[in-house]
Number of protein chains: 2
Amino acid sequence: MEKVNFRIKVLSRHLNQETSTPKFTLESFPCLSYKPPELSEPSAVFDIKEMRKLVDGHNLEDREWLFGLMLQSNLFNPMERGGKVFVSPDHSQSKEQQREITMRRIEYLLEHGVFKKWFTGEGPENELRKLAFSDCIGVFDHSLGIKLGVHLTLWGGAIQFFGTKRHHDKWLKATEEYVVKGCFAMTELGHGSNVRGIETVTTYDSSTGEFVINTPCESAQKYWIGGAANHATHTVVFSQLIIEGKNQGVHAFICQIRDENGDICPNIRIADCGHKIGLNGVDNGRIWFDNVRVPRENLLNSVADVSPDGKYLTAIKDPDQRFAAFLAPLTSGRVTIAVSAIYSAKVGLATAIRYSLTRRAFSVTPNGPEILLLDYPSHQRRLLPLLAKTYAMSFAVNYLKKIYVNRTPEMNKVIHVVSSAFKAIASWHNMRTLQECREACGGQGLKTENRVGPLKGEFDVQSTFEGDNNVLMQQVSKALFGEYVAAKRSKKPIKGLGLEHMNASCPIVPSQLTSHTMRQAQFQNDIFCLRERDLLERFAAEVALCQAQGKSREYAFTLNYQLAEDLGRAYSDRAVLHTFLEAEASVTSAPLKNVLDLVRSMYTLVTLEEDAAFLRYGYLSTDNAAMVRKEVANLCGELRPHALSLVSSFGLPDAFLGPIAFNWVEANAWSSEQN
Amino acid sequence: MEKVNFRIKVLSRHLNQETSTPKFTLESFPCLSYKPPELSEPSAVFDIKEMRKLVDGHNLEDREWLFGLMLQSNLFNPMERGGKVFVSPDHSQSKEQQREITMRRIEYLLEHGVFKKWFTGEGPENELRKLAFSDCIGVFDHSLGIKLGVHLTLWGGAIQFFGTKRHHDKWLKATEEYVVKGCFAMTELGHGSNVRGIETVTTYDSSTGEFVINTPCESAQKYWIGGAANHATHTVVFSQLIIEGKNQGVHAFICQIRDENGDICPNIRIADCGHKIGLNGVDNGRIWFDNVRVPRENLLNSVADVSPDGKYLTAIKDPDQRFAAFLAPLTSGRVTIAVSAIYSAKVGLATAIRYSLTRRAFSVTPNGPEILLLDYPSHQRRLLPLLAKTYAMSFAVNYLKKIYVNRTPEMNKVIHVVSSAFKAIASWHNMRTLQECREACGGQGLKTENRVGPLKGEFDVQSTFEGDNNVLMQQVSKALFGEYVAAKRSKKPIKGLGLEHMNASCPIVPSQLTSHTMRQAQFQNDIFCLRERDLLERFAAEVALCQAQGKSREYAFTLNYQLAEDLGRAYSDRAVLHTFLEAEASVTSAPLKNVLDLVRSMYTLVTLEEDAAFLRYGYLSTDNAAMVRKEVANLCGELRPHALSLVSSFGLPDAFLGPIAFNWVEANAWSSEQN
């Protein structure tokens, strides 16, 4: 009877939970129940749809259509948890299973017209639609995005950019329709970042009009070639080209590697790269070429050609420039990496923040109620600055997309620099965000089905592929150095790369910061510009000093890697802030503008707090740094009521978040287990 | 003929590579060959065996024996790569396969006497032997370590520490011999860190002399219970104990969950926790108790008991103290987490540093040879400070082991604080090190068989289990605060937790640092003590201020989380440095001492460089911070020649590193593929 009474007490407490103050003392323990944050949180003070439009930037209807398409098929692994359906790839499958289902998903998207006009369409609108599709696909699964990207962007892009009409006519439609499946054989076992050093060798046989592609040694085997292990029928091969005994440098050739039955072609050997910590839906493989012969026409000849009788012909005499022209199209890879990193961070944040609005732990007064995780100042400090940075970087990658789809040859340099910088900071930001989100979800962050944890393994590759992030940062600084030195030499104002602010006098930061000042765009811009300007001047001075001591310029860069990396960050942050201000300028709604002001201040001030360069180089006094730190804490409190609306504005369908973002009590109920 | 000549040229270059300067220009591309770092690196200037003894600290022969035992069995998944055998768990297997092989490995270790005298042995030597075994097992696989730890440390430890003679007699030998398989049911779906809030309820039925354990609601289901999903036969259940209608707080009970056939017992329901991003060799499960009856004797009654007629009896009247007594044994979990984190970091570093001594990329002069990765200052800066920190933390965890195995009740507090601090910083350090090592290996760091990447997923759990690291740091600061306030109040000198330095006058840091000063133990100790002292005083002042404003002490702690976390780090770093100095004091060999001096200076100075607190709170002027940064770069250059010897001194058998640490050209050769 005592037990019955106890159960009744427990039950009645449970049912009355809405009205009574929950108490977690030694005396009482009401059962926890899940309350959707939509019911417990303040309603949005701004128009979520409008914010979403700003954040996604373009092609909203196309996005909805593609999300819907994925939700309609069992191929996308729907699972029911706590009364809702979720889709996400099953990362517990073997690599063989993951590869096959990824290919089936591609076929499904193909059948439903997702790749229609991929190459045969034209203009920035067509490109933006492709990028929107790429965003949505990446939200579902990075493997799917990468496997598509290898075929469409790398293989297809190589045909498009390195090839000429004869290649376009023959391959682009076939690529769009997946009549051929392409891969991109650039990296070798011995050479990754240093493409120029690759060891594959191609010679020309004028007696047959064929190129002969060869892997002369084990370190020259092609490595990490996505699509090569199972599905690709063709590849673009990068190789040194030897004409009349002279090495003309790296060139690209089309080569078939599998026949129509999927059997490996003669003189091609292929092996698997094996299991990886993520991206197991991509069949990375290794390729050896044993004097494989391809027709002369298979040279992608946009910058250089070989005549039938074996003469090397090129419009670009300088081998360095020729090589640079080859690498330029890789930019599109960096654009999609940067964008997909930010969408991945959104999945993590939306999941972790929603969970933190429904999960309680500890109380701060004896016998007081347990506190929502996001009501702890420390939990706010963990997640809300990352939320603000994700907003800032959304605007940044939208800008990158915009300049990319509207590119002209004159913009190559700026696109190269911006895409390198944003690829590095976006992928770093994503990894950091996912780690923080996984920890903020506690053990639930480790469960594969909750998405946050596995995304770490899936996206880790982004820090090193298409350029190690640290190396990219150094490259950015070298480019800034080049602009700066050229302007000094020509005694003209600096123009380009956003460095124009250096033509004005150096901004002055108030000696005593106030909350008001810190929230002004003027101050925020000034201090970011101040840092960039000073670091560029220091970097240039240090490099000059090394050169004066007789060191090579390249070695001088190498020695000053710390300044180079600090400068790379300074450039990136300033560029991100500019895109934020530009995005804000387009907003007319006052409530939206007010929240964006908060978000922008958080982005800027947390950057000031976290990058020790501001203290190290004296851009902030210790007093001002203390003010900044206090202001970040204040901003955490001010952003807290908007947390739910801000993640809702990401526009991610519920089904693409982790189940922990919703009714996790019900999702874990015994009754759910029995379904 | 031209091609033949070319091949001959290539081959002859290849064969002559030892003597000719390799050139990577447009004109020549000799094939890369692998040269073991042992042949290319300077030989060790100190005795590697002696260093290893210092770093491993104890039971070297036992370690060799256990490593050998694992190498002798096919259960440990030996694979041949590049002419060497490697062992590591196959993380590409399904969770079911990983769980079963983990259990088979345990049985193998059991049969070979690894757990003999685990509980029936006595004294610090026995405990150190156990810890040495745990180190080696963790080097092979974290899942194996955790699955063993749940049974031996958590289940066995609970019997040992919470139980009395009747439990010891009945269960300890059976546990050591795996006659029973135990698990540890503390965490629930609704309550992880906040154990006090758990909702499982136990009542006593004096008519039958039984306890009745019940899961009153879904949020009370036991969650993450290692061993529960497949193998455990028994569990310790943590539950609120209700006696005569009064809740006496959390108590622990023994409960059988599976019978001798492995079938789940009546009134027990069990479900799987599902696939995780790592540790899939551990069968984490969920348990519901449906008014399960256990004999009165199953209460683990070291601090409280219930008489046959249902009276609650306890020697500790204060429920808070009683609760604390329950949590104390969790300390041993934190000890092994801290230690295993450092061994994991060693696997990552030994692999990445060896690879960086054999892999080249780019050149810094036109047509110059490609440079070894570790000869780039930036690559040194990425890896060598982490190497120094790993050394420092090795000494720290050895100290932790020492105080743990020699513990007395008076040392409970210090062990609690040290183990919390070291668990947090060691697991953070490990995750950061693994990430850096994975990136330093480029794509190879992502290959499962190379170990570095997968270790990230396997060890990620350490940041949050047995206490979220951020929360642990706050707890450390609260303990320091308690000591400080008590000393102030009693007007006696501070004694304990290493805070005695605060009784002396505040150390003074020279206004102009020199290289000489920065490398002195005196300066290093002074500046670490200065930071700890100042942060503790600031923290106490801020908490007092909040309390004066009427806030609860707990809420005051919550608001000052940033200071608390800064202070937790300051305490930890200072404590680590002290263990380093203590370890160094035992060294008599001058060459060993010299290298340790360098390593310690690197550890200290990189901490000064990386923790912005030194600038933020003014412990370092910007000038001095610049000096520190320069000195870290100098130390990178000075440690570079010792890199190989320092990782060799970790004493990890080659077979336990990733294959990428050895002949990766041969390991990837086509001929290897055919085996």
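Every chain is numbered from 1 and lettered A, B, ... according to where its sequence line falls, protein lines coming before strand lines. As the structure is a computational prediction, the values presented were derived from the model and not from experiment.
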(request) Salt-bridge test for B:Lys447 and A:Asp272: reply yes if a basic N is under 4.0 Å from a carboxylate O, no otherwise. (result) no
With rounding to the nearest 0.5 angstrom, report the [atom1] to [atom2] distance, [X] to [Y].
{"X": "A:Arg359", "Y": "B:Ser219", "atom1": "CZ", "atom2": "OG", "value": "9.0 Å"}
{"X": "A:Asn668", "Y": "B:Arg286", "atom1": "CG", "atom2": "CZ", "value": "4.5 Å"}
{"X": "B:Leu446", "Y": "A:Phe465", "atom1": "CG", "atom2": "CZ", "value": "9.5 Å"}
{"X": "B:Tyr376", "Y": "A:Gln474", "atom1": "OH", "atom2": "CD", "value": "9.5 Å"}

Using every non-hydrogen atom in the two residues, find where [X] and [Y] come nearest and quote the distance to one decimal.
{"X": "B:Trp288", "Y": "A:Ala669", "value": "CZ2-C, 4.4 Å"}
{"X": "B:Arg629", "Y": "A:Tyr617", "value": "NH1-OH, 2.9 Å"}
{"X": "A:Trp670", "Y": "B:Ile270", "value": "CZ3-O, 3.6 Å"}
{"X": "A:Arg438", "Y": "B:Ser463", "value": "NH2-CB, 4.2 Å"}
{"X": "A:Leu559", "Y": "B:Pro377", "value": "CD2-CG, 4.1 Å"}
{"X": "B:Gln444", "Y": "A:Leu189", "value": "NE2-CD1, 3.8 Å"}

So which part of [X] gets closer than 4.5 Å to some heavy atom of chain B, the side chain, the backbone, both or neither?
{"X": "A:Lys551", "value": "neither"}
{"X": "A:Ser552", "value": "side chain"}
{"X": "A:Glu609", "value": "both"}
{"X": "A:Tyr223", "value": "side chain"}

(message) Once salt bridge (Lys or Arg N to Asp or Glu O under 4.0 Å) is applied, do any residues pair with A:Arg382, and if so which ones, sequence neighbours excluded?
(response) A:Glu436, A:Glu439, B:Asp468
(message) The test is side-chain hydrogen bond (donor to acceptor under 3.5 Å, both in side chains); show your working for B:Asn194 and A:Glu370 and say whether it passes.
(response) CA-CA 9 Å; B:Asn194 187 8; A:Glu370 284 189 306; 2.5 Å; yes
